[in-house]
Protein chains: 2
Amino acid sequence: MPRKKVTSIDVAKLAGVSQPTVSRALDPGSPVSPETRARVLAIASELGYTPNVIARSLKSQSTNIIGIVMSNLASSFFSNNVLEQFAHQLQALGKQLLLFSAPPDRPVDEILPQVLGYQVDALIITSSTPGQAIIDECARIGTPVILFNRFAPGTQANVVGCDNEEGGRQVANVLLDAGHQRIAYMAGTSGTASNLMREKGFMDQLKTRGYVECMRENGFYSYEAGRTAARSLLDRDDPPDAIFCAADVMALGALDVARYELGIQVPEDLSIIGFDDIPLASWPAYNLTTIHQPINRMISAALELVTYNEDDFPIRQITLLPGELVIRGSARIA
Amino acid sequence: MPRKKVTSIDVAKLAGVSQPTVSRALDPGSPVSPETRARVLAIASELGYTPNVIARSLKSQSTNIIGIVMSNLASSFFSNNVLEQFAHQLQALGKQLLLFSAPPDRPVDEILPQVLGYQVDALIITSSTPGQAIIDECARIGTPVILFNRFAPGTQANVVGCDNEEGGRQVANVLLDAGHQRIAYMAGTSGTASNLMREKGFMDQLKTRGYVECMRENGFYSYEAGRTAARSLLDRDDPPDAIFCAADVMALGALDVARYELGIQVPEDLSIIGFDDIPLASWPAYNLTTIHQPINRMISAALELVTYNEDDFPIRQITLLPGELVIRGSARIA
DNA sequence: TTGAAAGCGCTAACAT
DNA sequence: ATGTTAGCGCTTTCAA
């Protein structure tokens, strides 16, 4: 038995037809006589023939492959949900995901040329923001780029995300409304648009309402970073009575440090609010008050951009969907 | 500006060389005069030329794409770690991951032909076990298949996994050693090899040591299923004083139900032991005693199979790496 | 309805 | 060291 894939030529020979006829028989839209089609399909299935998608792509200039660039897959507890949703929805459309895991310390631009080499039909980027050059190149060759929860000021890329800035403002409001006096912001991975916008909305709104001396601690989107940042904040002489964490996973770290390392009562002595509403946030061990990202609607919006017609291409779209405060038990608020 | 990818022909024209020379200039191993190579590379980078991997694959019969089939990406808290590791390691080898998310309720065999259509160089399967026909087909065309923590009795596929059976035995031993009287097994997703083997090792060892009346509850690899199963077990007239959960994520659900719904002291009144050692297991809110899966070594072993030489193909390999009991605070054991 | 022919962009064999 | 030629497996004109 030869180590060889079955090709349409093999099927054609056995069926006594030409090779293109095999192609047509497999394409429901093509005109083939019912008998021929039946015979070809029978032989194809008998031989276990599967069309070579690579060859088809070369000819048809469309791979049905969507490139997705992520980082934090293991640590954020948010990306994995996003990824699974994308995978399911795209598979239903007959499209596949080519996954690129971006090291958080290196610019995406280094791996994007590689991704484009695979002739992906679209590119979803959920890690850091790519440079202008790459985005221009994608526009030139007609490859849609969707920044998912990433914002690239001044570029032509499409953006789908949660309205992070408004989310930050909401948190500022509820904390001030509840009478918190010493408020802190625990930042996420620096340079990410999500962190920038959440911080901006939060800080701006605090200032607007006359609260200016907000504490701040650098962080990173991970549980451990949340723990570290929480220690810094809570060891101060004037520790905060409320912390807004840029992501749920950091908030969980902060909660654990407060409760199990420092013996601080949450929410009695300290309010903690997160952002994302990951599944863990609702578990009773945490019961985290947070801003819910409308992930289903965000995915749907992204998918529309993935599949839009090339003619629509030059239209740049920015879709920011509102988050929603989910009140649980980690914050003393009205 | 034309909506068209730059091809090697474009580069060739501008450089005043033939198209194959462009190919050679980009391949460090090919003989090209230094001056020519420099000129070609300069022009290529100026035009933003990226080789078309699809075309290359068609010719070279190797795509550098590895197919990976997963389910539970969002819910298990284990798969996402596996996936990220694979992605990183494979990228370092210049290979990419084509991700297929398998619906848990449908057989993998339905999507595998589709995967093979992409001419993947290897196939990693971490969801359910594929049928014999597909595995034979892969063997015939020389595509390595690696079952990751899945076991297909009687097939020729390669297997890499944790020694689940031995892990189950270890748990049986420590629970009996500590004098537990009413022991229960909380099963994972039925039909998965991991669940089968863990249960077998556990039950067999209990019996060997004279304990026969082990309770049992059906479950599924998710937090919610762990909660549901825990309620069933703990609502019994003779509730268990120890539960071995087939996966950490179920154990976390069980812990939360015990503590927050039923007010049961863990580990004083109930011992809970999991399997996997996911990151959450070490968080102080859970502090779960569990069997650690040697995920790094499992990934390495799988990667060796992914990249092995075709000549080695017929050698089937089964690699079972030992897990390790990690003693934390959720079980009253010696 | 079907077959013949061309070609997607690249690599590999051969020739120079 | 470089150019010429062929061909990977498929889809897509174009004829018949």
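Numbers restart at 1 for each chain; the letters A, B, ... are given by sequence-line order, proteins then strands.
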Worksheet item: Start at the 5' end of DNA chain D and walk down; is the nucleotide closest to A:Ser60 or to B:Gln19 reached first?
Response: B:Gln19
Worksheet item: Do B:Asn64 and B:Gln96 have a side chain donor and acceptor closer than 3.5 Å?
Response: no
Discussion item. Please tell me if B:Ser33 has a side-chain N or O lying less than 4.0 Å from either OP1 or OP2 of D:dT2.
Written reply: yes
Fill in: Whole angstrom value for the distance that separates C1' of C:dG9 from CG of B:Leu26
13 Å
Worksheet, complete the sentence: Comparing A:Arg39 with B:Asp27, nearest DNA chain C nucleotide closer to 5' gives the residue A:Arg39
Worksheet item: Between A:Gln61 and C:dG9, is there a side-chain N or O to OP1/OP2 distance below 4.0 Å?
Response: yes
Worksheet item: Rounded to whole angstrom units, what separation is found between the CD1 atom of A:Ile141 and the C1' atom of C:dG9?
Response: 14 Å
Worksheet item: Can you check whether B:Thr36 has a side-chain N or O nearer than 4.0 Å to OP1 or OP2 of D:dT2?
Response: yes
Worksheet item: Within this structure, what is the CD-to-P distance between A:Glu35 and C:dT1, rounded to whole angstrom?
Response: 10 Å
Worksheet item: Any chance the side chains of B:Gln19 and B:Ser8 put a donor and an acceptor closer than 3.5 Å?
Response: yes
Worksheet, complete the sentence: When rounded to whole Å, the CG to C1' distance for the pair B:Leu58 and D:dT11 reads 12 Å
Item to complete: Between C:dT11, D:dC10, C:dC10, spot the one nearest the side chain of B:Asn52, thanks.
Response: C:dC10
Fill in: Separation of atom NZ in B:Lys59 from atom C1' in C:dC8, rounded to whole Å
14 Å
Response to the item:
Looking only at D:dG3, C:dT11, C:dG3, the nucleotide nearest the A:Arg24 side chain is C:dG3
Worksheet item: Are A:Asn80 and B:Glu84 linked by a side-chain donor-acceptor pair shorter than 3.5 Å?
Response: no
Discussion item. Of the options C:dT11, D:dT11, C:dG3, whose atoms approach the side-chain atoms of A:Ser18 most closely?
Written reply: C:dG3
Discussion item. Rounding to an integer number of Å, can you tell me how far B:Ile54 CD1 sits from C:dC8 C1'?
Written reply: 12 Å
Practice prompt. Measure the acute angle between the ring planes of A:Phe148 and A:Phe86, then classify it against the limits of 30° and 60° as parallel, tilted or perpendicular.
Written response: perpendicular
Worksheet item: Considering only D:dC10, D:dT2, D:dG3, which nucleotide approaches the side chain of B:Val17 most closely?
Response: D:dG3
Discussion item. Of the listed nucleotides (D:dT11, C:dT2, C:dT11), which one gets closest to any side-chain atom of A:Ser23?
Written reply: D:dT11
Worksheet item: Under 4.0 Å between a side-chain N/O of A:Tyr49 and OP1 or OP2 of D:dG9, yes or no?
Response: no
Worksheet item: From C:dG9, C:dT11, C:dA4, pick the nucleotide closest to the side chain of B:Ala55?
Response: C:dG9
Fill in: Atom of B:Ser127, atom of B:Ala102 and distance for their closest heavy-atom approach
OG-CB, 3.8 Å
Worksheet entry | A:Lys5 NZ to D:dC10 P, straight-line distance once rounded to whole Å | 9 Å
Worksheet item: Separation of B:Ile9 atom CD1 from C:dG7 atom P, in whole Å?
Response: 11 Å
